[in-house]
Amino acid sequence: MIAVVEAPIALDALVAAVRTDACGAVVTFLGVVRATSAGDERPVDGLTYEAYPAMALSEMQVIATEARSRFDADVAIVHRTGALALGEASVGIAAASAHRGVAFDACEYVIDQLKLRVPVWKKEHYVDGDATWRANTIAP
Amino acid sequence: MIAVVEAPIALDALVAAVRTDACGAVVTFLGVVRATSAGDERPVDGLTYEAYPAMALSEMQVIATEARSRFDADVAIVHRTGALALGEASVGIAAASAHRGVAFDACEYVIDQLKLRVPVWKKEHYVDGDATWRANTIAP
Amino acid sequence: MLAFARLRELFGFSSQSRALPNGATLATLWEQLVAERPDAAAMRPSTRFARNGVLAEETTALFDGDEIALMPPVGGG
Amino acid sequence: MLAFARLRELFGFSSQSRALPNGATLATLWEQLVAERPDAAAMRPSTRFARNGVLAEETTALFDGDEIALMPPVGGG
């Protein structure tokens, strides 16, 4: 399951998409809207996500294929777009494998790469009424 | 949420137990019954888990406290006991933090420690009718 | 041509068709856009282009029917 | 006294009360158990004891009302 959706992300569906009888471990990641953003002290009351859907899907598919070949893990990736309130999930990832170490590694690889490469943008809306497009910081 | 339960593990409830408005990341781990066990080629058709509930709960609580102090992450841990079929989750963990790196680290720490320290035992039931108590291997 | 996020707001369109001279590249297109919106010039270092869904350098030649995307630094996840 | 998993099956009880002499330790208790079930002797190296929910060495002294647990290597997760 590789998808860009408007509706809330269902974690159970992500897990069901990757689990097989050969799996002993399923690791999931949810990125959720939090009350303050890194590098800005103003309280956030929501985010708006925008995607270039066709390219986002193809890049997410490439990342999923990389995860499978590097870690021998099956992954599902769903990114939500539109207006999200505090506490809602913007991205959901599930990684399943026979053993837990590779499931953790694959899940972390996918979110790290997604943040670097997938064409999705977010606008932070502050409680004071202001709003800013916020890019991901590149890890050193 | 620290619990030993007989009923199926609900992943959404684990996430809800740890997420706060300060969290940007929630990582979960599910250990699921798989068709073959490490070091034994016989097909498995189910597991039975048995716990020393009082001591399991106190040890899980200690691990949760360690995770909070080491990683600044809130964790929830639920272990299921009784007869589990292929694909069912025996353990569910959720770790929430402001940032994803510590949420991954905390979740992996909890499952690693749980497998070493929490008094829970599993019996593997094979398709051929045999059954064996299977201890966790100690990592080198 | 598609523009996203801050570039969409700056240029005032999310999707627009445009005729370009023969031999035009992504650099040609960007020069046209900056001529119309000089305040976009400062965005050039952080802007990435895609042609038909694939990242492209500004020397990339453009052809009829190409889908070009103007993309600020990503912020997904 | 509680016995779990393979030890529960071997000794044939999950919970049992037992009177011990004054000054008894976990080692005393284990000797009693092995006297009754000699095939349990081989399990000693892998067996851990808890007294009142806390891991305990075999030199630990026992008192009236203590809850002792006999635990094989764990297999949770």
Side-chain angles (χ1 to χ4, degrees), chain B residues 4-5 9 29-34 37-40 44 47-63 77-82 84 89-93 107-124 131-139, chain D residues 1-18 20 24-27 29-30 32-34 36-77:
Chain B
V4 174
V5 300
I9 293 171
F29 172 81
L30 286 177
V32 295
V33 179
R34 67 193 179 97
S37 146
D40 198 320
V44 168
L47 301 180
T48 308
Y49 282 89
E50 175 176 335
Y52 179 7
M55 190 172 169
L57 287 170
S58 70
E59 199 65 36
M60 286 155 67
Q61 187 61 62
V62 168
I63 293 169
I77 314 174
V78 175
H79 205 300
R80 188 174 171 192
T81 56
L84 274 71
S90 53
V91 61
I93 297 164
C107 193
E108 196 160 11
Y109 177 81
V110 169
I111 182 59
D112 288 351
Q113 294 297 315
L114 182 147
K115 283 181 168 268
L116 286 176
R117 295 159 55 180
V118 175
V120 173
W121 298 273
K122 74 166 162 280
K123 191 170 198 171
E124 290 181 355
T132 305
W133 291 99
R134 175 81 56 186
N136 292 329
T137 49
I138 310 287
Chain D
M1 175 171 47
L2 308 172
F4 293 99
R6 199 207 300 232
L7 292 169
R8 172 177 56 73
E9 292 178 347
L10 181 69
F11 291 125
F13 64 85
S14 58
S15 176
Q16 188 186 77
S17 292
R18 173 171 296 236
L20 292 171
T25 64
L26 282 167
L29 175 61
W30 183 257
Q32 278 197 6
L33 289 163
V34 170
E36 296 160 20
R37 294 287 318 200
D39 50 344
M43 308 279 283
R44 177 64 194 89
S46 65
T47 297
R48 296 204 298 172
F49 303 100
R51 178 175 162 268
N52 299 327
V54 177
L55 287 177
E57 299 299 315
E58 67 173 13
T59 54
T60 302
L62 301 183
F63 297 92
D64 258 14
D66 279 353
E67 178 177 279
I68 304 306
L70 309 172
M71 303 188 293
V74 300

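Quantities reported herein were computed from a predicted structural model and do not represent experimental measurements. Chain letters run A, B, ... following the sequence lines, proteins first, then strands; residues in each count from 1.
- In terms of heavy-atom pairs under 4.5 Å with chain D, the best-connected choice from Leu30(B), Val91(B), Asn136(B) is Asn136(B).
- In this structure, the portion of Tyr49(B) lying under 4.5 Å from any heavy atom of chain D is its side chain and not its backbone.
- Residue contact with chain D, scored on non-hydrogen atoms closer than 4.5 Å, involves the backbone and the side chain of Lys122(B) alike.
- Taking a 6.0 Å sphere around CZ of Arg117(B), one finds it holds more than 12 heavy atoms contributed by other residues, nucleotides or ligands.
- Heavy-atom distances place the side chain of Ala50(D), and not its backbone, under 4.5 Å from chain B.
- Put simply, of Pro72(D), Ser46(D), Ala69(D), the one with the most heavy-atom pairs under 4.5 Å next to chain B is Pro72(D).
- Counting only heavy atoms from C-beta outward, the side chains of Phe4(D) and Met55(B) never approach each other to under 4.5 Å.
- Closest approach of Gly77(D) to Ser90(B), counting heavy atoms only: O-OG, 3.1 Å.
- Panel note: side chain His79(B), backbone Gly76(D); no donor-acceptor pair is recorded below 3.5 Å.
- The minimum heavy-atom distance linking Gly53(D) with Tyr52(B) is given by the pair N-OH, 3.8 Å.
- Of the two parts of Ala56(B), neither the backbone nor the side chain holds a non-hydrogen atom closer than 4.5 Å to a non-hydrogen atom of chain D.
- A salt bridge is defined here as a Lys NZ or Arg NE, NH1 or NH2 lying under 4.0 Å from an Asp or Glu carboxylate O, and Arg6(D) with Glu50(B) fails to meet this definition.
- Between Glu9(D) and Trp133(B) the shortest side-chain heavy-atom distance falls below 4.5 Å.
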Assess whether side-chain contact (heavy atoms from CB on, under 4.5 Å) is satisfied between Arg8(D) and Trp121(B), documenting all intermediate values. CA-CA 11 Å; Arg8(D) 172 177 56 73; Trp121(B) 298 273; over 6 Å; no
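- Evaluation of the side chain to side chain contact (heavy atoms under 4.5 Å, CB included) rule for Asp64(D) yields no partner, not counting sequence neighbours.
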